[in-house]
Trainee: 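Take a look at this one; I'll ask things after.
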Amino acid sequence: MAKSTHSVSSFARSVLDVVDRIPQGRVMSYGAIADQVGGSARSVGGVLSAWSEETNWHRVVYADGTPASCHGNSASGLLIDEEVPLLNGRVDLTRARWPDNGR
DNA sequence: GTTATGACTCCAG
DNA sequence: ACTGGAGCCATAA
């Protein structure tokens with residue numbers, strides 16, 4: 001709840017809330033989060049960039065499972081550390097996608 | 001209120 | 001599989 005101590009737009013707070021709910025070893029795509037908060041994938045990216053130090057941005061990946069770009073490839077290492085199944089450099093959404101729709 | 005930018009996603013070649 | 005172009009929405013100036 002460290003995030004609540006700062007003033008932020010309702011949209012950003014919603015995005016941070018969803019990302020914060022992603023369990024370890026699981027990932028969510030920008031578009032999926034955007035759909036949950038009612039925004040667009042780009043807007044979600046902007047929020048993550050602003051909260052990269054307080055948010056699990058490495059658990060958020062592209063629609064095809066590619067780890068979020070910036071900062072080189074540190075995301076892959078973090079994902080491995082989180083026990084996220086990687087497949088040829090991309091996240092295996094077949095197993096890591098969350099919520100895992102029924103599983 | 002308008003313009004420009006961005007950690008996105010989809011479609012076509 | 002990769003690249004380029006267009007669409008999408010929130011934030012900042």
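Every chain is numbered from 1 and lettered A, B, ... according to where its sequence line falls, protein lines coming before strand lines.
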Trainee: With heavy-atom distances below 4.5 Å as the criterion, would you say the side chains of A:Arg26 and A:Arg59 are in contact?
Mentor: no
Trainee: What is the distance, rounded to the nearest whole Å, between atom CG of A:Leu79 and atom P of B:dA7?
Mentor: 18 Å
Trainee: Counting only N and O atoms by type, is there a donor-acceptor contact under 3.5 Å from the side chain of A:Ser9 to the main-chain atoms of A:Ala12?
Mentor: no
Trainee: Rounding to a whole Å, what distance do you find between A:Asn88:CG and C:dC2:P?
Mentor: 9 Å
Trainee: Looking only at the side chain of A:Ser40 (C-beta and beyond, no hydrogens), which of the listed nucleotides C:dA10, B:dC10, C:dC9 gets closest?
Mentor: C:dC9
Trainee: Is the shortest distance from a Lys or Arg side-chain nitrogen in A:Arg95 or A:Asp92 to a carboxylate oxygen in the other one below 4.0 Å?
Mentor: yes
Trainee: Classify A:Gly46 by what it touches in the nucleic acid, base, sugar-phosphate, or nothing, heavy-atom distance under 4.0 Å.
Mentor: nothing
Trainee: For A:Asp64 and B:dT9, give me the distance from atom CG to atom C1', rounded to whole Å.
Mentor: 9 Å
Trainee: Rounded to whole Å, how long is the line connecting atom OH of A:Tyr30 with atom P of C:dC9?
Mentor: 19 Å
Trainee: Can you tell me how far C1' of C:dC8 sits from OH of A:Tyr62, to the nearest Å?
Mentor: 15 Å
Trainee: For A:Leu16 and C:dA10, give me the distance from atom CG to atom C1', rounded to whole Å.
Mentor: 13 Å
Trainee: Counting heavy atoms from C-beta on, name the nucleotide in B:dT9, B:dA7, C:dT11 closest to the side chain of A:Ser9.
Mentor: C:dT11
Trainee: A:Ile33 CD1 to B:dG6 P: how many Å, rounded?
Mentor: 21 Å
Trainee: Nearest whole Å is fine: how far is C:dC2 P from A:Arg90 CZ?
Mentor: 6 Å
Trainee: Closest approach to the side chain of A:Ala63, judged atom by atom: which nucleotide of B:dA7, B:dC10, C:dT11 is it?
Mentor: B:dC10
Trainee: Is the shortest side-chain N/O distance from A:Ser43 to OP1 or OP2 of C:dC8 below 4.0 Å?
Mentor: no
Trainee: Assess whether a salt bridge exists between A:Asp17 and A:Arg21, defined as any Lys/Arg side-chain N lying under 4.0 Å from an Asp/Glu carboxylate O.
Mentor: yes
